[in-house]
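As structure tokens, the structure follows; a few thoughts come after it.
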Amino acid sequence: MNIPFRKLCATLAAASGLLGAGASQAAESAFIIPPPAVDQANDAAPQEKAVIAGGCFWGVQAVFQHVKGVTSAVSGYAGGKENTANYDTVSSGRTGHAEAVEITYDPKQVSYGQLLQIYFSVAHDPTQLNRQGPDSGTQYRSTVFPANDGQRKVAEAYIAQLNQTGVYAKALATTVEPLQGFYPAEGYHQDYLVRHPYSMYIMVNDIPKVENLAKTFPDRYRDKPVLVN
């Protein structure tokens, strides 16, 4: 499926500004941040799930598909009700949903806190309120949806820790919201970067995220992504 019209318009505007300012500004910069001081034990269940939101789910999904220990990364919706969990309705910004990604991972290979470190460092800019890059609206908010009390404690402690480091120019806009349900997105949204690597939106906004993952977390990066389809 072709890139949605609203994303195409936003990206054309962003690309025009970038070309005027110099192509070197096109790539996003990674935040070099410390690991979480509080984390979950990595000898728990053989499989855990984490749900996070940080702008358009195409790029967030692509990042975590390249993380060692992740067995699945699915684009979807979280924060709203099941009957509004579809792209056209969520795009109105009035459903309570955020474009989110459900990550299934092996806690013996990668911890919840380590996933959050990647999330806050290269998957998105956590200081942007209700937007990421060219996309704006509450559906693009920075949000962690903990699956349990342990994840909530790790997320809240890490946000407080990062706000004290001075790494970011301003306080994190990331919220921690209860996970009421995760609803997978339509099939054409899954594995979007892999299937559309030359779309303007992907080249400008998302490929730099994967490149930053490889550069910033070389021990966590794997070249072959784990795909949904």
Side-chain angles (χ1 to χ4, degrees), residues 28-76 78 98-126 132 142-162 165 167 172 174 176-177 179 182 184-185 190-194 206-229:
E28 295 184 17
S29 297
F31 296 99
I32 308 303
I33 61 176
V38 177
D39 203 350
Q40 288 187 308
N42 60 3
D43 57 353
Q47 183 171 280
E48 298 282 356
K49 291 183 182 294
V51 177
I52 55 175
C56 177
F57 41 30
W58 298 340
V60 178
Q61 179 193 47
V63 167
F64 287 98
Q65 287 179 319
H66 283 277
V67 174
K68 292 178 181 177
V70 170
T71 58
S72 174
V74 178
S75 292
E99 291 194 10
V101 174
E102 182 185 66
I103 303 161
T104 305
Y105 64 100
D106 179 355
K108 292 184 174 62
Q109 297 187 55
V110 60
S111 71
Y112 181 68
Q114 289 166 338
L115 293 175
L116 290 184
Q117 186 180 14
I118 292 169
Y119 165 71
F120 286 119
S121 174
V122 301
H124 78 311
D125 179 350
Q132 285 295 311
S142 173
T143 301
V144 178
F145 295 94
N148 51 55
D149 193 53
Q151 288 189 358
R152 179 187 62 78
K153 291 178 179 177
V154 172
E156 291 178 344
Y158 200 20
I159 290 171
Q161 176 189 341
L162 292 175
T165 63
V167 169
L172 272 64
T174 309
V176 179
E177 303 176 20
L179 179 63
F182 175 83
Q190 308 301 338
D191 308 327
Y192 200 93
L193 183 147
V194 172
D206 295 335
I207 287 178
K209 298 178 190 293
V210 178
E211 292 174 343
N212 284 336
L213 172 68
K215 295 174 185 176
T216 309
F217 299 95
D219 294 340
R220 299 278 169 207
Y221 176 80
R222 66 175 170 207
D223 186 57
K224 184 177 180 181
V226 55
L227 301 179
V228 175
N229 300 310

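Bear in mind that the values here come from a model prediction, so they are computed numbers and not experimental data.
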Q. How many angstroms lie between atom CD of Q132 and atom CD of E99, to the nearest 0.5 angstrom?
A. 11.0 Å
Q: Spell out, as yes or no, whether a donor-acceptor pair under 3.5 Å connects the side chain of T174 to the backbone of T143.
A: no
Q. Going from CD on Q61 to CD on Q190, what distance comes out if it is rounded to the nearest 0.5 angstrom?
A. 5.0 Å
Q: State the OH-OH distance between Y105 and Y112, to the nearest 0.5 angstrom.
A: 7.0 Å
Q. Measuring from S142:OG to F120:CZ, what's the distance to the nearest 0.5 Å?
A. 6.0 Å
Q | Interatomic distance, D206 atom CG to W58 atom CH2 [nearest 0.5 angstrom] | A | 8.0 Å
Q. Excluding sequence neighbours, so at least two apart, what forms side-chain contact (heavy atoms from CB on, under 4.5 Å) with V122?
A. A30, V63, I118, N212, L213, T216, F217
Q: Apply side-chain hydrogen bond (donor to acceptor under 3.5 Å, both in side chains) to Q65 and list each qualifying residue two or more places apart in sequence or on a separate chain.
A: D191
Taking only distance into account, with no hydrogens and no angle test, what donor-acceptor pairs under 3.5 Å do side-chain atoms of residues 152-162 form with protein atoms, sequence neighbours excluded?
| residue | atom | partner | partner atom | Å |
| --- | --- | --- | --- | --- |
| R152 | NE | D149 | OD1 | 2.9 |
| R152 | NH1 | E156 | OE1 | 2.8 |
| R152 | NH2 | D149 | OD1 | 2.5 |
| K153 | NZ | D149 | OD2 | 3.3 |
| Y158 | OH | P34 | O | 2.5 |
| Q161 | OE1 | A37 | N | 2.8 |
| Q161 | NE2 | P35 | O | 3.0 |

Q. Looking at residues at least two apart in the chain, or sitting in another chain, which of them share a ring-ring contact (aromatic ring centres under 6.0 Å, His included) with F182?
A. none
Q. Of all heavy-atom pairs between V60 and A123, which one has the smallest distance, and what is that distance?
A. CG2-O, 4.1 Å
Q.
According to side-chain contact (heavy atoms from CB on, under 4.5 Å), who are the partners of T104, at least two apart in sequence or on a separate chain?
A. Q47, K49, T71, S72
(Q) Under the rule for side-chain hydrogen bond (donor to acceptor under 3.5 Å, both in side chains), what residues qualify as partners of S111, not counting sequence neighbours? (A) D39, Q114
Q) Can you check whether A53's main-chain N or O pairs, donor with acceptor, with Y119's side chain at less than 3.5 Å? A) yes
Q. Say you draw a straight line from CD of Q117 to CZ of R220; how long is it, rounded to the nearest 0.5 Å?
A. 8.0 Å
Q: Decide yes or no for I207 and L193: does some side-chain heavy atom of the first lie under 4.5 Å from some side-chain heavy atom of the second?
A: yes
Q: Go through the steps for E48 and L115 under the test side-chain contact (heavy atoms from CB on, under 4.5 Å), then give the verdict.
A: CA-CA 12 Å; E48 298 282 356; L115 293 175; over 6 Å; no
Q.
Looking at every heavy atom in both V210 and H66, which two are closest together, and how far apart are they?
A. CG1-CD2, 3.7 Å
(Q) Looking at every non-hydrogen atom in both residues, tell me the closest pair between V51 and A100 and how far apart they are. (A) CG1-CB, 4.1 Å
Q | For the student: nearest non-hydrogen atoms of L179 and A78, plus distance | A | CD1-CB, 4.5 Å
